[in-house]
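Below you'll find the structure, written out as structure tokens, and then a few comments.
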Amino acid sequence: MQPSKRLSQIPPYLFAELERKIADKKAAGIDVISLGIGDPDSPTPPNVVAAMQAAVEDPGTHQYPSNRGRDDFRNGVVDFYKRRFGVELDPASEVMPGIGAKETIFNLNLAFLDPGDVALASDPGYPVYTAGPILVGAEPVLMPLLPERDFTPDLSAIPADKLAKAKLMFINYPNNPTGAIVPDGFFEEVVEFAKANDILVVHDASYTETAYDGYRPPSFLETPGAKEVGIEVFSLSKGYNMTGWRAAAVVGNAEAIATYWRLKTNIDSGNFEAVQVAAIEALSVRTDASVASMNEIYARRRDLVCDALAEIGVDVKRPKATIYIWAPVPEGFDTAAAYCEHVLEESAVVISPGGAYGASGEGFFRISLTTPDERLAEAVERLRDTLAK
Ligand SMILES: *Cc1c(COP(=O)(O)O)cnc(C)c1O
């Protein structure tokens, strides 16, 4: 049995490898602490769980959902976008549910790319920005995100021949893995660029609700003209501790949403309606306090990690958003992977090598803040010892 040529082109999913290494160590009786995966450790807020419980009791949620989503789901997203971002959306044409941002982003590749087409992908970036285009027979072209440009791509550096074939662009702020926030003017630049080059912008909004120090991340759709050229994939996973629920919304350009819907009717049968009901509750004001207290926890953990790294001479920027610390690999290691391997072997702490998120992530490592405080403190102690050696 042979996997498809397309599938064979994809390197093994980073976290699958990490999980195997962790399992091996654990089987050998070693106390491994993983700071590798970004998966909130706290439970989903209780009002959201209660809304789900009630919705599950209601036989009205038990049948096939519509791919377009429940009216109250689409209205709930509209209300949230208005309240949170000041963005007006038409519930009939500019909103749809997705079964998580991951599937939504993958499916957008299927909806918009043909073999020979190009998708412009942030590098380092969420792996689906590159695996998605490859799996549909198109070509991902990497846009390096480097510290000297505040982790925004240099749009003028995209090769003209690739740009001519580009139909999609994936961007993501606040950014995974770099923890960067969007600098003033960048979204405006993207809108101009997309208009000039006839590209559909896909903004991955997985971390807009996870921010610190009073920073409020914007929606891409706040940018004038954004709705003409783009859509936003809003995930409830990280901001509401709902990674297991598979809840997202895709919002923005009506034509793109209609195309996405047409594709989806051929692939899946929509989001369980009880999950949609729970998502409405999550996006309501009733969950704001839970989100704020989660963010206090992450800010405290961020400081714990950044202080410890600074103490041992790792020059790390304190992120204003996301659940990640993106730090330069200490001197003496050829690659980020070599350093992460060393840390795993010496201290049984799992951290992610930057190169796993794309070539431009080389030289960095990522620490996720989704580990309970005492375990994180223990991991930081171990890291300190390893680096001090
Ligand atoms: C976690 C993450 C996702 C996946 O979100 P789901 O809604 O759980 O599929 C997508 N994009 C980025 C940048 C992420 O970090």
Side-chain angles (χ1 to χ4, degrees), residues 13-16 18-19 34-42 44 48 69 73 77 80 96-109 119-133 140 143 145 151-153 168-182 201-211 217 219-220 231-251 260 264 267-268 270-272 275-276 278-279 282-283 294 298 319 321-326 352 354 356-358 360-361 366-370:
Y13 197 61
L14 163 71
F15 298 127
L18 275 178
E19 274 166 15
S34 178
L35 311 181
I37 295 173
D39 189 354
D41 54 304
S42 301
T44 304
V48 180
F73 173 84
V77 172
F80 172 77
M96 258 185 71
I99 311 174
K102 189 176 190 177
E103 76 100 43
T104 306
I105 292 164
F106 174 74
N107 280 337
L108 288 167
N109 287 281
L120 304 170
S122 298
D123 161 37
Y126 189 61
V128 184
Y129 309 156
T130 46
M143 304 187 293
L145 306 186
F151 299 105
T152 60
L168 290 180
M169 173 190 279
F170 296 111
I171 54 171
N172 160 230
Y173 296 96
N175 184 261
N176 174 14
T178 68
I181 59 174
V182 65
V201 177
V202 178
H203 180 239
D204 179 343
S206 287
Y207 295 97
T208 54
E209 306 317 298
T210 307
S219 160
F220 175 63
I231 50 179
E232 181 156 272
V233 181
F234 181 90
S235 171
L236 282 85
S237 284
K238 310 304 183 353
Y240 301 89
N241 302 338
M242 290 177 73
T243 50
W245 299 58
R246 315 313 302 136
V250 54
V251 296
Y260 177 63
K264 286 261 289 181
I267 293 184
D268 64 63
N271 251 27
F272 181 23
V275 169
Q276 295 184 46
L283 295 177
M294 269 321 300
Y298 290 135
T322 78
I323 47 180
Y324 306 111
I325 309 294
W326 185 244
S352 312
Y357 300 92
S360 300
R366 194 192 79 172
I367 287 179
S368 166
L369 300 174
T370 53

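Just so you know, ligand 1 is whichever comes first in the structure, and atom 1 is the first atom listed for that ligand. It should be emphasised that the depicted structure is a prediction, and the values quoted were computed from it without experimental measurement.
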With a 4.0 angstrom cut-off on heavy atoms, strictly below it, pick out the residues next to ligand 1 and order them by chain and number.
G100, A101, K102, Y126, Y129, N172, N176, D204, S206, Y207, S235, S237, K238, R246
Steps toward side-chain contact (heavy atoms from CB on, under 4.5 Å) verdict (L283, E209):
CA-CA 10 Å; L283 295 177; E209 306 317 298; over 6 Å; no
Could you go through the side chain to side chain donor-acceptor pair (under 3.5 Å) check for D39 and T243 one step at a time?
CA-CA 7 Å; D39 189 354; T243 50; 2.6 Å; yes
Just jot down the ring pair (Phe, Tyr, Trp, His ring centres under 6.0 Å) partners of F170, sequence neighbours excluded, or say none.
Y129
Would you check if there is a donor-acceptor pair between the side chains of D123 and S360 at a distance under 3.5 Å?
yes
Using 30° and 60° as the class boundaries, would you call the ring planes of H203 and F220 parallel, tilted or perpendicular?
tilted
Chi angles and distances behind the side-chain contact (heavy atoms from CB on, under 4.5 Å) call for Y126, K102
CA-CA 9 Å; Y126 189 61; K102 189 176 190 177; 3.4 Å; yes
